[in-house]
Amino acid sequence: MTIVRVALPLPLPQVFDYAASDASAADIGRCVKVPFGRGERSGLIVALDAEAEVDLARLKTVHHIQRDVPPLPADWLELVAFVARYYHAPIGEVVALALPPGLRRADGVSGEDEDPLLEIAPAGHAALGAARRPSKALALLQALAQDLAPWRRSVIREREGGEAVGELLRRGWLGVAVDEAQRRGTTGALPVLTDEQDGAVRAILQTGEGFRTWLLQGVTGSGKTEVYLRLAEQMLSRGRQVLMLVPEIALTPQLERRVAQRFAAANVVSLHSGLADGARSRGFVQALSGHADIVLGTRLAVFAPLPRLGLILVDEEHDASYKQQEGVRYSARDVAVWRGRQRDVPVVLGSATPSLETWYHARAERYALQVLNQRAVAASMPTVRCIDVRRLKLDEGLSPGLKAAIEQRLARGEQSLVFLNRRGYAPVLSCPSCGWVSRCPHCSANLVVHLADRRLRCHHCGCDGGIPHACPSCGNQDIQPFGRGTQRIEARLAELFPQARVLRVDRDAARTRKQWESLLATIAEGGADILVGTQMMAKGHDFPKLTLVGVVGADASLHAADFRAPERLFQQLMQVGGRAGRGTLPGEVLIQTEYPAHPLYLHLARHDFDAFARMELQERRSAGFPPFTYQAMLRADAPALDDAVEFLRHARRLAEERAPEGLRIYDPVPMRMTRLARRERAQLLLEADQRGMLQGFLAGWVALLYCQRTARELRWQLDVDPLEV
DNA sequence: AGCACGCCGACT
DNA sequence: GTCGGCGTGCTC
């Protein structure tokens, strides 16, 4: 009889032993169903065991081992173990987050869905030539005939009328393309590389296939993606797999299209949380079996098993969405770098505005650096200018200068974008006579006025209600929305420029992926003259007719409490500024500010990220912030603030008893947003100058915390390398 | 996390 | 007399 060690998706820091008569070493890494308590659970075999760690009498027997799918390889188990160790999370929870849910359930996976490479068969050509009654199938075939063959079945399915692909196969009009391996490679004419792009590609390839982390720092429009594609092409031609991470699902479709077009014959698999269970499992299994050539996905894709891995690309590496903000708070970018080292393959981190951690590593020569300063498209960098609004009379937040600039664009038939990182009509509704403000009943936040659908809404917990006609406290009829959001700016712009088509692009207007894509299409077709948008608009999209970006209300982040606020502001402004003038028309960025001489804006105006980074790092060094120190944050939440704080005080005492020299333990404090969704939150910060020392301490401390019995309504979690402090 | 067991208040 | 509150402890 064999004893297997099983990781189960529970918040427990242990694994469980089971008996399995027919198990062997070949089953390590396989999913299992096991009896647990009085029910059944699915888990993963992480090891075989010579002897059980519990009495044999307590040992239960595995119900089922899933053998239809190849086992997860040893390096994958190692990766999961590393994440559990580094983030101090139970191994089972990491397995649960790394494995697609459908796969873990181990209930007869549909098997690997073949995604064959198809081309038009002789019968198909005959059908095209013959006079036939129009049909859906024929229409699809005709559309395909206009295209460059071959295509993946899945790619055809996604195009217009793609449902008919099954019909085409049944009729024998489409057949499996011959000689798949030989077709692997690029199709069509490749764009000519700039000298910088070419230099970067050569440099990265020349260092060989071993591990090395690269920072590819390229201004918006410098063609980082083309560099990724060239590197990927090389790796594919060597028979290796490529892992490409992108920040958000919203960005995957267009990149997916571009990658699929470039490597028409390669098997490109996308992995993100928006996928249905089945599709995610299939993509994962394709990666695992080595049938996927390129895995393109969001942070969870960093866990895709890749037997032939040759290269890891992390696009927009500074993006906060790489860090999971709940449960196991891993950073996919950091995990990617660890994985590159583990598998001895290069890792390329790309960004126009790298995180200061990455930038610092590159300067300290722990990472190698490649810089792209020229825009690949025939456009120059936009002019960036501050509008000093201290002595100006603003019209609903808009300065005369910005209005004039918009007017000019309208006259020239170009597009303008007003960037404002605040959704809704106004951030608060308030009564001028008694001082009442629209507070959220569940959070320490104000309810935001949404005039578009006449609601007051909390942006943190999502609760909402109608807009009262009089002050709920004193009955005053004259209650006022204070401040400005995108809806208000949109309304004012529509009044000011009645002839213009004003389009608002924020999370409210682009609720679903469909809405978002239709907005993008409208903009690209020139169906809008003035855009009002939040940071959604900052993400990599090209609008050739967009030549003006007006920034409103940026000053707020200048004095934010979070030490990373300036970094985020600079990144955001540089990104949104990069939207201006990506075609042949020159772009202009106008920033409305009360601090026109602020160094952040001055560096921005010169497009000098490096100067900004140097300045900011100087401050971080003297203040003792990351990347010069290492942090971990213990957070607790409960219905009553005292309970959360009391737990943290207790945790602090436990920490002090065993703290090594040089570990700094701060006082528990309520979080900045103390109350969220009826729970009060507090946090305790730990800091050290060496990562190893902090990690060593955390291991023992967290083990101790798991043993503490706490009130049922109290939750706690540890955040290693927290983004928000 | 679930889900048991287990000991004290208002109900058919 | 019981249904049910959630405190405590276990799950291979």
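The figures that follow rest on heavy atoms only: side chains count, while hydrogens, waters and symmetry mates do not. Everything quoted here is computed from the prediction, not taken from an experiment. Sequence lines set the chain letters: A, B, ... in the order given, protein chains first and strands last, and positions in each chain run from 1.
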Report the secondary structure of DNA chain B in dot-bracket form, marking unpaired bases with a dot and bases paired to a different strand with |, and treating Watson-Crick or G-U pairs with both distances under 3.5 Å as paired. |||||||||||.
What's the shortest heavy-atom distance between A:D277 and A:G102, and which atoms? OD2-N, 3.9 Å
Please report the distance, rounded to the nearest Å, between CD in A:E40 and P in C:dC12. 12 Å
Using 4.0 Å as the upper bound for N to carboxylate O, is an ion pair formed by A:R564 and A:E724? no
Under 4.0 Å, counting only non-hydrogen atoms across every strand here, what does A:P9 touch: a base, just sugar-phosphate, or nothing? nothing
Short side-chain N/O contact from A:R38 to OP1 or OP2 of C:dT11, under 4.0 Å: no
Under the salt bridge (charged side-chain N to carboxylate O under 4.0 Å, His left out) test, residues paired with A:D334 that sit two or more places apart: none
Could you verify whether a donor N or O on one side chain and an acceptor N or O on the other, from A:R329 and A:Q325, lie under 3.5 Å apart? yes
When rounded to whole Å, the CD to C1' distance for the pair A:E93 and B:dA1 reads 8 Å
CZ of A:F16 versus C1' of B:dA1: gap in Å, rounded? 11 Å
For A:D55, all residues meeting salt bridge (charged side-chain N to carboxylate O under 4.0 Å, His left out), sequence neighbours excluded: none
Could you check how far CD of A:Q14 sits from P of C:dC12, rounded to whole Å? 11 Å
Just to be sure I understand the rule, does A:L8 reach a base, reach only the sugar-phosphate, or reach nothing, if contact means heavy atoms closer than 4.0 Å? nothing
Can you measure A:D17 atom CG to C:dC12 atom C1' for me and round it to whole angstrom units? 6 Å
Which whole-number value in Å describes the distance from A:L56 CG to C:dC12 P? 14 Å
Ignoring hydrogens and geometry beyond distance, is a side-chain donor-acceptor pair present between A:Q717 and A:R635 at under 3.5 Å? no
Would you tabulate the nitrogen or oxygen pairs shorter than 3.5 Å linking the protein to nucleotides 6-10 of chain C?
unit_1: C:dC6; atom_1: O3'; unit_2: A:R712; atom_2: NH1; d: 3.0

Could you tell me how far apart A:R104 (CZ) and B:dA1 (P) are, to the nearest whole angstrom? 16 Å
Sub-6.0 Å ring centroid separation between A:Y706 and A:W716: yes
Between A:E317 and A:Y322, is any side-chain donor less than 3.5 angstrom from a side-chain acceptor? no
A:Y706 OH to C:dT11 P, in whole Å, measures 18 Å
Grab the two heavy atoms, one from A:A336 and one from A:V314, that are nearest each other, plus how far apart they are. CB-CG2, 4.0 Å
When we call it a touch if two heavy atoms are under 4.0 Å apart, what does A:Y18 touch: a base, just sugar-phosphate, or nothing? sugar-phosphate
Regarding A:Q695 and A:H88, is there a side-chain donor-to-acceptor distance under 3.5 Å anywhere? yes
Restricting to nitrogen or oxygen on both sides, can you table the protein-nucleotides 3-5 of chain C pairs closer than 3.5 Å?
none

Pairing residues for A:N421 by the side chain to side chain contact (heavy atoms under 4.5 Å, CB included) criterion, not counting sequence neighbours: A:F419, A:T534, A:Q535, A:Q572
Tell me yes or no: between the side chains of A:R333 and A:S355, is some donor less than 3.5 Å from an acceptor? yes
